[in-house]
Visitor: 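My questions all concern the structure below.
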Amino acid sequence: MDQNLKRSIILEHYQNPKNKGLIEDPHYCKVNMNNESCIDEVHLMVLFDQDKIKDIRFDGEACAICTSSTSIMISTLIGKTKEEAKEIIQNFEDMIDEKTYNEELLEEANVFNDIYRQPNRKKCALLGWWAIKKALEEGLK
Ligand code: ZN
């Protein structure tokens, strides 16, 4: 993916994050995640419709990478089944860890494919994804 395109996608999600702001709704599953190596704190709320992820919202203090990555995670995973989401999350983690991964599955999340060059930002990119992973684990109980 072209560097300029990557930058503009990251910036767009940072400036206009998808579904930012929490709502009062007891049907959502809530999780929090923080990153001690940055300012990041992500509060995520997830609505499941049986096997599907119907909605995800987030809020919190987060740096540009974290906000953008969480917003991209939300746009990528809404409408997916839990199994599809788990596979996408795994591939995202593999990409960040420089392992082989399925580029097609990641859609816009591919913009973080060179974040390994900034090891201290890896957690920023991963935090929102860890939060949804936790929600999926709790949601599966
Ligand atoms: Zn950060």
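Count residues from 1 along the sequence. First listed ligand is number 1; within each ligand, the first listed atom is number 1. Since the structure is predicted, the reported quantities are computational estimates derived from the model, not experimental observations.
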Visitor: Applying ring pair (Phe, Tyr, Trp, His ring centres under 6.0 Å), can you list everything that pairs with Phe92, at least two apart in sequence or on another chain?
Guide: Trp129
Visitor: Return the CG to CG distance between Asn35 and Asn120, rounded to the nearest 0.5 Å.
Guide: 10.0 Å
Visitor: Determine whether the side chains of Asp55 and Asn19 contain a donor N or O and an acceptor N or O closer than 3.5 Å.
Guide: yes
Visitor: Quick one: report the N, O or S atom of Asp40 that is nearest to the Zn ion (ligand 1).
Guide: OD2
Visitor: Once rounded to 10°, what is the value of the angle centred on the Zn ion (ligand 1) between Cys124 SG and Cys63 SG?
Guide: 110°
Visitor: Could you tell me whether any N, O or S atom belonging to Cys66 is less than 2.8 Å from the Zn ion (ligand 1)?
Guide: no
Visitor: Would you check if there is a donor-acceptor pair between the side chains of Glu12 and Asn16 at a distance under 3.5 Å?
Guide: yes
